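Each chain gets a letter, A, B and so on, in the order the sequences are listed, and its residues count up from 1. The shown structure was predicted, so the numbers you read here are calculated from the model rather than taken from an experiment. All values below were derived from every heavy atom in this structure, side-chain atoms included, with hydrogens, water molecules and symmetry-related copies excluded.
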2 protein chains.
Amino acid sequence: MTVSSTKHDVFQAIADPTRRELLSLLAEKEMSVTIISDHFPITRTAVSKHLRVLSEAGLVTEQKVGRETRYKLQPEGLRELKQWLAYYERFWDKKLTALKNFVEIKDIEHN
Amino acid sequence: MTVSSTKHDVFQAIADPTRRELLSLLAEKEMSVTIISDHFPITRTAVSKHLRVLSEAGLVTEQKVGRETRYKLQPEGLRELKQWLAYYERFWDKKLTALKNFVEIKDIEHN
DNA sequence: ATTATATGACACCTTTTGGTTTCGTGTCAA
DNA sequence: TTGACACGAAACCAAAAGGTGTCATATAAT
């Protein structure tokens, strides 16, 4: 176990479009569940469930303030995804490099 | 519609751990369905379905060669993910920058 | 021509997911 | 103290996801 106990993994957490919208909303500022729910056509309960998934994946943090629960983005949770992606970037960079070389050679041929 | 007709989106495609394994396997080299299936504890049919999802998300390409279908990684399909992620990188970079400044100030204070 | 291989298409099953409604509890305001 | 509000928990539901087994078909090999 690295840092946050991730019952849900990041990949699964961001798979749902509503949850991605939640992330982008919470990127702007910390918000309570009810306020967050006002931005979505689904019930507060449903939003709450999504928030829990995001929380368990370490993508948001929750803080109780009086009777409300404030959520905010925890961008560090996306590190795992970045690392995963970095592995594959090599492959398309490789292709790009090949294309670049090809174009340059063509350019030389034209002179 | 951008480039490849993406019935399944990338986010959903990479949510499944088996599909992520498929990607890493196909990153090494092009392979036929049966050969691919040998690397997994599930049936060929199941693997085939996963491959279709990946294909529809633009993450692999399929090519028929005689009676077999060869699949290979199409890393460009991950661009969308990279872009999405880039947006959030700003947020954790911001925090890193703040931390860096803090550490530097502390360092100055120590002199 | 006959047999073996590689694969997709179905039909089907079970679990997970995304959603709802209802209810209980803690907290704030009058 | 009596409402009103914010929320989580629970029970429930339909659809999607991840599997399986069987069958038909195209291609290769004998």
Under the side chain to side chain donor-acceptor pair (under 3.5 Å) rule, what pairs show up with a residue in residues 23-38 of chain A, not counting sequence neighbours? none
Quick test of your reading: applying ring-ring contact (aromatic ring centres under 6.0 Å, His included), list the pairs with at least one residue in residues 18-46 of chain B, sequence neighbours left out, ordered by first then second residue. none
How long is the gap from CD on B:Glu89 to CG on A:Leu81, to the nearest 0.5 Å? 9.5 Å
Which residue pairs satisfy the ring-ring contact (aromatic ring centres under 6.0 Å, His included) criterion with at least one member in residues 63-89 of chain B, sequence neighbours excluded? B:Phe11-B:Trp84, B:Trp84-B:Tyr88, B:Tyr87-B:Phe91
For A:Glu21, check salt bridge (Lys or Arg N to Asp or Glu O under 4.0 Å) against everything at least two apart and list the hits. none
When rounded to whole Å, the CD1 to P distance for the pair B:Ile14 and D:dG18 reads 13 Å
Find the distance B:Ile42:CD1 to D:dG19:C1' and express it as a whole number of Å. 8 Å
Sequence-aligned protein contact record of nucleotides 4-14 of chain C, with B where the base is within under 4.0 Å of a protein heavy atom and S where only the sugar-phosphate is: BBSBBBB----
Starting from the 5' end of DNA chain C, give me the residue, A:Gly66 or A:Gln12, whose nearest nucleotide shows up first. A:Gln12
Give the residues of residues 22-30 of chain B touching DNA chain C, defined as any heavy atom closer than 4.0 Å, sorted by residue number. none
If the condition is salt bridge (Lys or Arg N to Asp or Glu O under 4.0 Å), which residues does B:Arg20 pass it with, not counting sequence neighbours? A:Asp9
By salt bridge (Lys or Arg N to Asp or Glu O under 4.0 Å), which residues pair with A:Glu68, not counting sequence neighbours? A:Arg70
If the cut-off is 4.0 Å, is A:His50 near the phosphate of C:dT17, judged by side-chain N/O to OP1 or OP2? no
What's the CG-P distance between A:Leu51 and C:dG19, to the nearest Å? 12 Å
For B:Arg19, which residues count as a salt bridge (Lys or Arg N to Asp or Glu O under 4.0 Å) partner, sequence neighbours excluded? none
A:Thr18 has its side chain closest, among C:dG18, C:dG19, D:dA17, to C:dG19
What is the distance, rounded to the nearest whole Å, between atom CG of A:Asp16 and atom P of C:dT16? 17 Å
